[in-house]
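I have placed the structure first, in the form of structure tokens, so that the comments after it can refer back to it.
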Amino acid sequence: MHTPAVTPSRSATPTVVAAMAGLWLCWGSSFPAIRVLVATLPPLLASGTVFLTAGLVLAATRPAALRGLGRRRLLTTAGTGVCLLGAQGAVAVAERHVLASTAALLVAVVPLWVAVLRAVTGERPGPAAVVRLLVGFAGVTVVVLATGSTGDWSGWTFVVAAAAACWAGGTLWASRSVAGPTSGPGPGTATAVQLLAGGLTLLLVGVLAGEPAEFAPAAVRTSSWVALGYLVLVDSLAGFALYNWLLRAAPVALVSTYAYAVPVVAYLIGVLVLGEPFQPAVLAGAAIIVPAVAAEVRAAPRRP
């Protein structure tokens, strides 16, 4: 969401490459970790706890920046956080019924949803953009049909797809608020506010949905508690730190590769670590989605 101008001095040094691989692993492992998390923990309450905890840690490191936020900036940043993390909460709920590898591929098309929303709001896509959209969503169709042919999907598959569209809406809103006449806070402060707002919202929705009644601490597996801590420390805090360091140290074109590398990492972890079924047709869908998303991400910086 917040990408500084590229400077000629930035290059893919060994340290940058290692940090990039670490980012792929941190964020690529989040989908399998979420599936382990929600196996025995209420998804909305658990997700809200993850985000709120990470937000509190980040807020504690930059209290002065938070105090300096104006009301308008605070409300806008909090609103984008509700959109972004509300979408992730929906994915957590759906992952009780959808494989982590499948969810990762369906969420991979967020950059394509952003392009669709840009078109809806008045930015006319060129022929190449239309081709990227058609190819990418054809890949999504292949993934959905492939999982449906084995009886593994239900309406929850479409919940993941809708969550990706919601995440794209939050992304577009955040990017336009930063580019507007009243710019938003820096990436560190913005992330803290978004995590706090999104985490609190998910906890509230979880309470309203009756999740406390299904929470039985004695029935929670150790693996779910480990996944909760992992998502706070590795996915949220370590991933955030790597991402922001890379934005300052590496070309934006390199940093943006996370958008299409993370789903591949998530798919591999889901299959190899969680033992999710390997489906050649789903892999074929991934082979369609990833190049389309990669082309869209690479084209995005050239837009006005």
Q.
Quick check: is L25 connected to W27 through a chain of hydrophobic side chains (ILVMFWY, heavy atoms under 4.5 Å apart)?
A. yes
Q | Ion pair check, R132 and E296, cut-off under 4.0 Å | A | yes
Q: Run the numbers on V110 and V107 for side-chain contact (heavy atoms from CB on, under 4.5 Å), then give the verdict.
A: CA-CA 6 Å; V110 164; V107 173; 4.1 Å; yes
Q | For A78 against V193, the heavy-atom pair lying closest together | A | N-CG1, 3.8 Å
Q: State yes or no: do V131 and Y260 share one hydrophobic cluster built from I, L, V, M, F, W and Y residues joined by side-chain heavy-atom distances below 4.5 Å, directly or via other members?
A: no
Q) What ring pair (Phe, Tyr, Trp, His ring centres under 6.0 Å) pairs are there with at least one residue in residues 119-138, not counting sequence neighbours? A) W113-F137
Q) With a 4.5 Å limit on heavy-atom distance, are the side chains of W156 and V93 in contact? A) yes
Q: Any chance you could measure L228, atom CG, to I34, atom CD1, to the nearest 0.5 Å?
A: 11.0 Å
Q. Looking at OG of S224 and CZ of R35, how far apart are the two atoms once the value is rounded to the nearest 0.5 Å?
A. 11.5 Å
Q. What pairs with R96 under salt bridge (charged side-chain N to carboxylate O under 4.0 Å, His left out), at least two apart in sequence or on another chain?
A. E214
**Q.** Backbone of S101 reached by a side-chain donor or acceptor of E276 within 3.5 Å
**A.** yes
Q.
Checking E211 now: which residues fulfil salt bridge (charged side-chain N to carboxylate O under 4.0 Å, His left out) with it, not counting sequence neighbours?
A. none
Q) What about V135 and V109, same hydrophobic cluster or not, with Ile/Leu/Val/Met/Phe/Trp/Tyr joined at side-chain heavy-atom distances under 4.5 Å? A) no
Q: Using only heavy-atom distances, determine whether the side chains of Y267 and T102 contain a donor-acceptor pair under 3.5 Å.
A: no
Q. How close do P32 and A266 get, heavy atom to heavy atom, and via which atoms?
A. CG-O, 3.9 Å
(Q) To check you understand the geometry: which heavy-atom pair defines the closest contact between A192 and A59, and what is its length? (A) CB-N, 4.1 Å
Q: Identify the two heavy atoms, one from V160 and one from A103, that lie closest to each other, and give their separation to 0.1 Å.
A: CG1-O, 3.9 Å
Q | Closest approach of L85 to L195 (non-hydrogen atoms, all atoms of both residues) | A | CD1-CA, 3.6 Å
(Q) Once rounded to the nearest 0.5 Å, what's the spacing between atom CG of L196 and atom OG1 of T191? (A) 10.5 Å
Q.
Using the rule given for side-chain hydrogen bond (donor to acceptor under 3.5 Å, both in side chains), can you reason through S29 versus Y230, listing the C-alpha separation, both sets of side-chain angles and the distance that settles it, and then say yes or no?
A. CA-CA 10 Å; S29 59; Y230 182 89; 2.7 Å; yes
Q: Under the side-chain contact (heavy atoms from CB on, under 4.5 Å) rule, what do L99 and V271 come out as? Steps first, then yes or no, please.
A: CA-CA 9 Å; L99 298 176; V271 172; over 6 Å; no
**Q.** Of all pairs that satisfy salt bridge (charged side-chain N to carboxylate O under 4.0 Å, His left out), the ones with a partner from residues 232-241, not counting sequence neighbours
**A.** none
Q.
Nearest 0.5 Å, please: how far is CH2 in W167 from OG1 in T80?
A. 10.0 Å
Exercise answer: donor-acceptor pairs, residues 42-57 side-chain atoms, under 3.5 Å, sequence neighbours excluded:
unit_1	atom_1	unit_2	atom_2	d
S47	OG	P43	O	2.8
T49	OG1	L45	O	2.8
T53	OG1	T49	O	2.7

Q.
Under the criterion side-chain contact (heavy atoms from CB on, under 4.5 Å), I'd like the reasoning laid out for T15 against W245: C-alpha separation, chi angles, the key distance, then a yes or no.
A. CA-CA 11 Å; T15 302; W245 182 83; 3.7 Å; yes
Q.
Rounded to the nearest 0.5 Å, what separates atom CG in L202 from atom CD in Q88?
A. 9.0 Å
Q) Can V140 be reached from L134 by stepping across I, L, V, M, F, W or Y side chains whose heavy atoms are under 4.5 Å apart? A) no
Q. Would V293 and L268 show up in the same hydrophobic cluster when neighbours are defined by side-chain heavy atoms closer than 4.5 Å?
A. yes
Under 3.5 Å, sequence neighbours excluded: what are the donor-acceptor pairs made by side chains of residues 284-292?
none

Q | Ring centre gap for Y258 and W24 strictly below 6.0 Å | A | no
Q. Does the side chain of V114 reach to within under 4.5 Å of the side chain of R118, using non-hydrogen atoms?
A. yes
(Q) Just so I know, are the side chains of V226 and V36 near enough to count as touching, which here means a heavy-atom distance under 4.5 Å? (A) no
Q | Nearest-0.5 Å distance, CG of residue L208 to CG of residue L204 | A | 4.5 Å
(Q) To check you understand the geometry: which heavy-atom pair defines the closest contact between L231 and L37, and what is its length? (A) CD1-CD2, 3.8 Å
Q: Just do the side-chain contact (heavy atoms from CB on, under 4.5 Å) check on L112 and V116 with the steps written out, would you?
A: CA-CA 6 Å; L112 302 183; V116 170; 5.7 Å; no
Q) Would a 4.5 Å heavy-atom cut-off, applied to side chains only, mark V207 and P212 as touching? A) yes
